[in-house]
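These numbers come from the heavy atoms of this one structure, side chains and all, not from hydrogens, waters or symmetry mates. Count residues from 1 along the sequence.
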Amino acid sequence: MAPKVSTLSQEEFAAAVGRTSRTVMTWRQKGMPVRMISGRPRYVLRDCLTWWEESIREEERDKSKGTSNNPEIRKTAAEADLKELDLAVKRRELVPLEEYQAALDKVIGGFAAVASGRLQQFEREIVAAQTPGDARRITQAIYHALMEGANEFADHTEGVTGPGEAETAA
């Protein structure tokens, strides 16, 4: 089953793109995609912004035969892109690079600690291995120990949120 698509009312869409409801109605009459839900128009931001961008490009081609010298068109397109990015950040669909890097560092550091602790228990066995079969058995045991440690680490960090969100105990 496809995931549910978030839609906006006409007023919400107009506010998201910094235009009036009347402008949105005009765009709809020009072919902007709309979904009718319970008899009311609903807008999928991504679909509408794609339509808007395409209509701007089409208008630009008609006016300047392929050149993009119209600053108003470029400004409108840039504003639409910024509104889409702002909305994606608010919905936590985009995460600031610093926040992502901090979370990644935490996971890598945590797993490195787990791996270090788990690998120490195999040092004697590795040194004592005399056949390829022994080496294979030790390698499989190391793999299982690392996966077990990774699962324990994941269980420990489950429910802990990133910066800017309330943290909960695991």
Side-chain angles (χ1 to χ4, degrees), residues 1-21 23-24 27-28 32-38 40-60 68 70-123 139-170:
M1 185 165 102
K4 183 177 179 181
V5 175
S6 178
T7 61
L8 302 171
S9 70
Q10 186 163 310
E11 294 76 22
E12 291 168 331
F13 177 73
V17 296
R19 298 295 190 262
T20 66
S21 288
T23 298
V24 173
W27 290 343
R28 197 169 106 198
M32 185 174 67
V34 64
R35 295 180 182 193
M36 296 304 285
I37 299 175
S38 299
R40 301 190 145 234
R42 300 294 294 180
Y43 300 86
V44 176
L45 185 63
R46 181 179 310 272
D47 294 347
C48 293
L49 291 178
T50 299
W51 173 87
W52 191 13
E53 186 177 306
E54 288 172 3
S55 67
I56 289 170
R57 284 185 186 139
E58 193 173 300
E59 183 179 323
E60 186 176 305
S68 56
N70 187 328
E72 182 60 33
I73 291 172
R74 287 196 323 266
K75 178 182 176 192
T76 302
E79 288 172 349
D81 288 344
L82 285 174
K83 293 285 184 180
E84 185 174 8
L85 287 171
D86 287 343
L87 189 59
V89 168
K90 288 177 184 172
R91 289 182 172 163
R92 305 264 319 144
E93 295 170 346
L94 294 177
V95 179
L97 181 60
E98 299 81 21
E99 190 174 322
Y100 169 78
Q101 189 65 48
L104 186 60
D105 289 348
K106 181 178 179 181
V107 168
I108 291 171
F111 187 73
V114 165
S116 176
R118 298 289 171 139
L119 291 175
Q120 287 177 0
Q121 70 188 26
F122 294 99
E123 288 176 352
T139 301
Q140 289 173 346
I142 290 171
Y143 171 80
H144 290 294
L146 288 174
M147 293 310 293
E148 183 180 300
N151 286 330
E152 289 172 10
F153 178 71
D155 290 344
H156 172 71
T157 59
E158 192 172 296
V160 177
T161 58
E165 298 179 40
E167 292 196 12
T168 59

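Using a 4.5 Å heavy-atom threshold, the side chains of Tyr43 and Thr7 count as separate. Looking at Val34 and Gln10, their side chains never come closer than 4.5 Å, going by heavy atoms from C-beta outward. Here the side chains of Trp27 and Phe13 are in contact, with some heavy-atom distance below 4.5 Å. Side-chain contact between Thr50 and Glu84 is absent, with no heavy-atom pair separated by less than 4.5 Å. Looking at Pro41 and Met36, their side chains come closer than 4.5 Å, going by heavy atoms from C-beta outward.
Contacts of Glu148 classified as salt bridge (Lys or Arg N to Asp or Glu O under 4.0 Å), with partners at least two apart in sequence or in another chain: Arg118. The side-chain contact (heavy atoms from CB on, under 4.5 Å) search around Ala141 returns Phe122, not counting sequence neighbours.
Listed here is the closest heavy atom pair of Ser21 and Ala14: N-CB, 3.8 Å. Across Ala16 and Leu45, no two heavy atoms sit closer than the pair CB-CD1, 4.5 Å. Scanning all heavy atoms of the two residues, the minimum distance from Asp47 to Pro33 falls at O-CG, 3.8 Å.
Taken to the nearest 0.5 Å, the CG atom of Asp81 stands 11.0 Å off from the OG1 atom of Thr76. From His144, atom NE2 reaches atom CE of Met147 across 9.5 Å, with rounding to the nearest 0.5 Å. In this structure, Arg42 CZ and Ile37 CD1 are separated by 6.0 Å, a value rounded to the nearest 0.5 Å. Annotation: the span from Glu99 atom CD to Leu104 atom CG amounts to 12.5 Å, rounded to 0.5 Å. One finds the CG atom of Leu8 at 11.5 Å from the CZ atom of Arg35 (value rounded to the nearest 0.5 Å).
For Lys83 and Glu79, the salt-bridge test fails: no basic side-chain N is under 4.0 Å from an acidic carboxylate O.
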